[in-house]
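For reference, the structure is listed below as structure tokens.
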Amino acid sequence: MKSAIIQKWKGYKNDPKSFGLFSAVFLAMLITMTALLFVIVYILVKGVPHLTPDLFAAKYTSENVSLMPALINTLLMTALSLLFAVPVGIEAAIYLTEYAKHGNKLVVLVGRTAETLSGIPSIVYGLFGALFFVKYLGFGLSLLSGALTLSIMILPLIMRTTEEALRAVPDSYREGSFGLGAGKLRTVFRIVLPCAVPGILSGVTLGIGRIVGESAALLFTAGTVAEPAISIFDSARTLSVHMYSISGEGLYIEQTYATAVVLLIVVIAINALSDYIAKKFFK
Amino acid sequence: MDKITVEKLDLFYGSFQALKEITLNIPANEITALIGPSGCGKSTLLKSLNRMNDLVEGCRIEGSIRLDREDIYGDMDVNLLRKRVGMVFQKPNPFPMSIYDNIAFGPRTHGIRSKAKLDNIVERSLRDAAIWDEVKDRLKKPALGMSGGQQQRLCIARALAVAPEVLLMDEPTSALDPISTAKVEELAMELKKQYTIVIVTHNMQQAVRISDKTAFFLLGEMIEFGETEKIFSMPENKKTEDYITGRFG
């Protein structure tokens, strides 16, 4: 290892420009790594000591700010949002790649719209959700309003990643399938879609990341009631909202860090799970 | 007996005319080779025979192509047409699934569900494509793990599995090594007993070796069509002679 580095140094001796570029990219990598590691280590150091069993109590009280209800709500919110966004996103992508004509204006338009939508701050989605789902449709501050708002938010993301995954499937597979007399439906569902699953899953994973990490949009739509939602019309705070709420009260900073640790673990677990699914079933 | 008759076929990609007034009869149980330089329209003609050109946007066809006297651009269901007129592509394109599932995909498409029947079809198709002995112990293994030559014969087996009447081959050996090429050629000659074969090839020796009839194309026109032996020994047209003697192309 050490000798390899020395070798590299020697190789750059007569080539200052290359050395300059090498140093720049190496430094950039180092900064990125350090920043990421610093955040993770910082949260772990601050949070892990305060991960007490009390924090996982079934009930939230003002004496014991249990994160259990929020954890359950996070899982419910994720499941419900995906239920709305994934089928629609995938179907829209199938239309754009498999059915719409090449160079169709609609395809370009939808692409632009999706890009614009993914650049909009989440609080704007929250405001829209509050006006449309909460007030106009009368769903109130609820799991349903929150999930619908979030699903609109992640829809472009899922559609775009699916679109890319579908476009990456070689045309020769489609030709092979059509050549055997398979129709469009069978070709799309038996050949193209299975090939695209790993790509689609990575889009879904990104979507989950946004759902789990979202707080602004949910404050306006799902509210902050710290109890597990029994029905979809119950207000429900997720882990991120929970963190926002208890940290704002100023008394529970330690518990906030502990909650952050749990949130981190949830995200890592979801990533690992979708990786596992992609490898296990589709290779 | 003519299996396929092409009459006054004009084909356009947008405003570009790729085929001009092609009239050609393809006899049953023979191998018909389509030769000519790149861009002459030979692959385009081949793809018209099972309407794969439908997938190309802006493709328009005038004239008629008949399969057993039935107009394939008429009332015929395109999926049934492609079942009757199978295709083997230039690059082997097995699906990313097991060898067994690759072969069974076609029959399943056309409604065969019984395991016993499928087993039977898979074995028969692989035997017909002369690849059974090489793969019988790894039918459940992914097809993409096979060599290029094996993949191409697998694709031939896959095409045979739906019991077609005609087999279209689009430069099937251009991506293969000489030994695999020889195997595919041998196979084609064996298969013509049961099937009508149309093959597009860049390789004139290949046309001489395996085909009964040859059609020579240049810039979208069919210059000459006849017995392979005659085309290559005493071509009637000067352009054909120039091409087969290697003056261009």
Side-chain angles (χ1 to χ4, degrees), chain A residues 90 93-111 162-202 275-283, chain B residues 14 46-47 49-58 76-97 101-111 125 142-145 151-152 154-164 166-170 175:
Chain A
I90 291 179
I94 290 176
Y95 174 78
L96 292 179
T97 53
E98 309 293 324
Y99 287 89
K101 286 221 171 92
H102 203 71
N104 185 331
K105 292 241 165 59
L106 184 72
V107 176
V108 180
L109 186 73
V110 171
T162 305
E163 204 185 327
E164 249 144 63
L166 292 174
R167 287 201 200 285
V169 176
D171 270 339
S172 67
Y173 291 170
R174 295 181 180 88
E175 285 177 354
S177 175
F178 288 132
L180 288 165
K184 191 104 195 175
L185 194 72
R186 186 165 166 83
T187 302
V188 169
F189 281 92
R190 294 285 161 190
I191 303 288
V192 180
L193 215 48
C195 291
V197 163
I200 296 173
L201 273 180
S202 77
D275 249 24
Y276 174 78
I277 292 172
K279 287 211 177 88
K280 176 94 182 175
F281 296 101
F282 301 100
K283 206 69 248 170
Chain B
L46 192 79
K47 283 182 188 157
L49 300 180
N50 68 343
R51 293 183 57 176
M52 287 300 275
N53 272 332
D54 289 13
L55 305 176
V56 181
E57 277 165 37
M76 195 182 285
D77 178 275
V78 67
N79 293 333
L80 280 181
L81 167 70
R82 289 179 189 150
K83 178 183 180 297
R84 291 173 68 187
V85 183
M87 189 156 197
V88 177
F89 297 84
Q90 186 168 2
K91 267 202 217 145
N93 59 348
F95 302 131
M97 44 175 88
D101 288 337
N102 259 281
I103 307 291
F105 182 82
R108 281 177 178 146
T109 300
H110 299 287
S125 310
L144 293 177
Q151 288 187 8
Q152 193 59 305
L154 177 81
C155 290
I156 295 175
R158 188 175 69 185
L160 298 180
V162 293
V166 181
L167 203 56
L168 308 176
M169 301 174 121
D170 189 3

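Since the structure is predicted, the reported quantities are computational estimates derived from the model, not experimental observations. Throughout, a chain's letter reflects where its sequence line sits, starting with A, and its residues are numbered from 1.
When heavy atoms are compared at a cutoff of 4.5 Å, P164(B) does not approach chain A at all. For F105(B), the parts lying near chain A are the backbone and the side chain together; criterion is any non-hydrogen pair under 4.5 Å. In this structure, the portions of R108(B) lying under 4.5 Å from any heavy atom of chain A include both its backbone and its side chain. For a residue to count as touching a neighbouring chain, one of its non-hydrogen atoms must lie under 4.5 Å from one of that chain's; by this rule L160(B) does not touch chain A.
Without hydrogens or angle criteria, S177(A) side chain to R174(A) main chain gives no donor-acceptor distance under 3.5 Å. Looking at H110(B), its side chain never comes within 3.5 Å of a backbone N or O of L80(B) through a donor-acceptor pair.
Considering every non-hydrogen atom in both Q151(B) and P92(B), the closest pair reads CB-CB, 3.7 Å.
Applying the salt bridge (charged side-chain N to carboxylate O under 4.0 Å, His left out) rule to R190(A) yields no partners; only residues at least two apart in sequence or on another chain are considered. In this view, E175(A) satisfies the salt bridge (charged side-chain N to carboxylate O under 4.0 Å, His left out) rule with no residue, not counting sequence neighbours.
For the set E57(B), M97(B), R158(B), the entry with the most heavy-atom pairs within less than 4.5 Å of chain A is E57(B). Contact count versus chain A (heavy atoms, under 4.5 Å) is highest, among D54(B), L168(B), N79(B), V162(B), for N79(B).
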